[in-house]
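Before any comments, here is the structure.
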Amino acid sequence: MRRIPVVPLAVALVLLLCLSLLCGVGLGASGIGPGQVVRFLWDGVTGGTIPAGDVAAYTIVWEIRLPRVVLAAVVGGGLAAVGVAVQAMVRNALADPFVLGISSGAAVGANAVILLGAFAGLGVWALSVSAFVSALAAMALVYAVARSSHGLTPLRLVLTGTALAYGFEALTTVMVFGAARGEAARSAMMWLLGSLGGATWAQVPLAAVVVLAGWVWLARRAEALDALAMGDETSAALGVRPERLRRELFLVTAAVTGTVVAVSGAIGFVGLMVPHVVRMLVGAGHRRVLAVAPLAGAVLLVWADVLSRLMPAPAELPVGVITAVLGVPAFLVLMRRGGYAFGGR
Amino acid sequence: MRLDVDGVTVDAGAVRLVEDIRLTVDSGTVVGLVGPNGSGKSTLLRCVYRALRPAGGVVRLDGQDVRAMDARTAARAVAALPQESSSEFDFTVAEVVGMGRLPHLDRTAAGDRAVCAAAMERTGVAHLAGRGFLALSGGERQRVLIARALAQQPRVLVLDEPTNHLDIAHQLDVLSLVRDSGLTVLTALHDLNLAAAHCDRLHVIAEGRVVASGPPHEVLRPDLLAEVFGVRAHPVRHPETGAVQLLFDLLPPAP
């Protein structure tokens with residue numbers, strides 16, 4: 001299959017991402033026109049004045065839509081980058097950021113806040129903080145169980161992560177079923193399927209910094225990831241210590257996943273499929289994949305979130321549903337085009 | 001570069017896989033390890049290319065402990081073809097060969113390309129550069145992996161049964177590529193006739209120990225082969241070349 005040159009593709013994706021961000025802010029249920037949106041954004045940046053009648057619309061654009069769209073891009077990029085890393089780390093085509101059980105661990109914490117009122121003292125931060133803390137706790141547990149005298153072996157990581165994820169999901173389910181308040185249970189389910197509905201500016205800086213730092217860290221180790229993908233013995237012979245690299249990858253992916261899950265829940269599909277789609281387009285070399293995948297993930301999630309807001313207005317579909325609806329056909333078409341051989345022909 | 005394995009011992013839990021192995025590969029020679037399955041050949045080789053840390057003993061390159069080197073420095077001296085030969089990732093041949101440049105610092109893209117092109121030329125895989133590694137035949141894959149090892153510009157080459165799953169022409173082809181590399185070579189081999197024909201010295205390993213060492217035809221004696229492999233060996237002369245070949249059948253059951 002012909003490969004697409006990386007640099008033009010990355011540039012195109014950056015432009016597309018900017019356009020998508022703009023569209024994402026411009027589109028919504030409250031009927032604020034694109035012209036108005038651009039004017040509000042311009043006013044916000046340049047510090048202009050707006051008529052008193054426009055304040056409500058201005059607030060919607062700046063305080064509700066913009067942080068949400070930016071967060072969607074950050075989350076999409078983070079999930080895609082982590083998906084690439086995890087697939088190389090465990091050398092498994094089915095791996096995604098959630099295969100290590102981190103997101104379901106985070107969900108336990110988040111649901112404890114929503115349903116049981118844990119960490120109430122933290123106020124608005126309770127949800128994010130407890131999701132992040134439980135993600136780290138889940139990560140420590142997976143690490144402790146998966147570790148053997150040979151270090152973190154791929155299969156043990158996948159098995160441990162998957163088994164513990166079932167355990168965490170059971171806990172969450174018990175909490176959801178045990179909760180009397182219907183609304184809380186609904187939002188817990190919503191949260192499990194992923195949503196950017198709660199996005200605020202307060203969430204953006206930390207998430208953006210962690211995702212960007214994780215991306216840069218991974219991109220700098222692209223060649224080592226190539227070696228790791230060829231096998232532990234090969235990577236040792238190429239001067240890349242596999243057990244150490246896997247340990248570092250585990251920490252980095254856990255930190256990024258935990259951060260992303262804390263602000264958006266477990267949004268499926270992006271972390272699993274975007275890396276595959278990108279490999280089909282640019283090949284398996286991690287330098288190329290890591291240059292493109294986070295951008296593609298960001299664009300995908302911005303649009304998925306826009307659609308989730310628009311489709312059954314005013315109620316929202318979970319964004320994970322949209323990522324699947326958008327992504328599965330694209331994936332199948334590319335798969336049928338042939339020439340993609342992850343996991344054998 | 002001279003390779004010394006000095007008293008290497010490897011344990012896996014309570015089981016001793018390799019016990020106090022001592023052997024030397026002189027600079028530029030090809031040394032073979034032969035022995036039954038599970039005798040510890042791969043385990044020993046893994047200690048040489050640093051995939052495994054021995055419980056005791058030292059592997060030295062020109063007198064220097066490989067464990068005292070950092071991973072990249074060691075990988076610039078020793079390249080390896082481990083038994084795992086495939087990956088789930090669909091790298092191109094050029095990408096696989098390019099991985100050989102990983103241990104080198106101060107690289108330039110142009111320099112890497114030149115080294116990789118030369119390596120692929122030497123093993124005859126230049127025309128495959130754009131192909132997917134997973135789509136290649138077994139023989140092509142081994143040639144590509146040898147090209148990767150050459151791109152590493154090592155001085156020692158470690159091979160773990162490089163002729164596995166290859167047809168006879170490709171077996172001979174791979175071994176002559178290795179021989180012609182001019183590197184110091186330590187290789188595990190299953191086929192005793194191939195080992196005898198391509199190695200300067202052989203070490204027979206059984207149950208984690210070296211039980212015989214020396215030039216091939218001094219080592220591969222029928223009594224030793226009966227003891228180590230449990231086969232009856234008949235040395236015969238090749239009617240044209242005169243080289244000694246071994247024919248095998250199973251030992252008759254002990255009375």
Side-chain angles (χ1 to χ4, degrees), chain A residues 1-3 6 84 87-95 148-151 154-155 158 221-245 275-276 278-289 334-335 338-345, chain B residues 11-13 42 45-53 66 69-92 94-96 98-105 107 109 112 130-136 145 148-149 151-152 154 156-160:
Chain A
M1 190 163 85
R2 278 198 41 219
R3 290 178 171 187
V6 167
V84 172
Q87 284 169 6
M89 172 165 70
V90 301
R91 282 199 287 276
N92 190 315
L94 291 176
S148 71
S149 55
H150 301 287
L155 195 58
V158 173
R221 278 152 191 82
E223 291 191 310
L225 287 173
D226 287 344
L228 193 67
M230 290 295 284
D232 280 13
E233 309 260 300
T234 301
S235 72
L238 291 171
V240 175
R241 293 165 61 187
E243 67 299 327
R244 195 172 89 177
L245 179 59
H276 285 298
V278 169
R279 280 193 208 97
M280 291 178 209
L281 295 176
V282 303
H286 281 90
R287 227 169 31 190
R288 303 152 67 88
V289 173
L334 280 168
M335 195 87 173
Y340 185 58
F342 196 110
R345 279 167 193 275
Chain B
D11 296 326
S42 297
L45 294 181
R46 295 179 70 208
C47 294
V48 178
Y49 61 81
R50 292 188 25 133
L52 199 62
R53 182 185 289 277
V66 288
M69 302 177 181
D70 77 46
R72 284 181 157 200
T73 309
R76 286 196 294 274
V78 181
L81 262 70
Q83 276 203 40
E84 56 174 25
S85 72
S86 94
S87 129
E88 297 219 306
F89 291 76
D90 195 18
F91 292 110
T92 62
E95 281 168 340
V96 170
M99 288 179 200
R101 302 304 298 156
L102 192 54
H104 290 268
L105 311 167
R107 305 144 45 190
D112 282 358
R131 292 266 299 278
F133 181 70
L134 297 181
L136 302 181
L145 293 179
R148 184 188 70 203
Q152 225 167 314
V156 175
L157 184 55
V158 176
L159 305 119
D160 197 352

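In what follows, every chain begins at residue 1, and chains take the letters A, B, ... in the order their sequences are listed. Keep in mind it's a predicted model, so treat the numbers as computed, not measured.
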### Query
By a 4.5 Å heavy-atom criterion (distance strictly below it), what part of R72(B) contacts chain A: side chain, backbone, both, or neither?
both
### Query
For L238(A) and P103(B), which heavy atoms make the closest approach, and how far apart are they?
O-CG, 3.5 Å
### Task
Would you confirm whether Q152(B), through its side chain, and A237(A), through its main-chain N or O, come within 3.5 Å as a donor-acceptor pair?
yes
### Query
For V96(B), is it the side chain, the backbone, both, or neither that has a heavy atom closer than 4.5 Å to a heavy atom of chain A?
side chain
#### Entry: D90(B) vs R279(A) side-chain heavy atoms within contact, under 4.5 Å
no
### Query
Looking at R91(A) and F89(B), what are the two nearest heavy atoms and their distance?
CA-CE1, 4.2 Å
### Task
Give, for atom CD of E223(A) and atom CD of E95(B), the distance between the pair rounded to the nearest 0.5 Å.
11.0 Å
#### Entry: Segment of R76(B) engaging chain A (4.5 angstrom heavy-atom cut-off)
neither
#### Entry: Heavy-atom closest contact (A284(A) atom, F91(B) atom, distance)
O-CE2, 3.5 Å
### Query
Going through the checks in order, is the side-chain contact (heavy atoms from CB on, under 4.5 Å) test met by T234(A) and M99(B)?
CA-CA 10 Å; T234(A) 301; M99(B) 288 179 200; 5.7 Å; no
### Contact class of R288(A) relative to chain B, heavy atoms under 4.5 angstrom
side chain
#### Entry: E233(A) and D160(B), any side-chain heavy atoms less than 4.5 Å apart
no
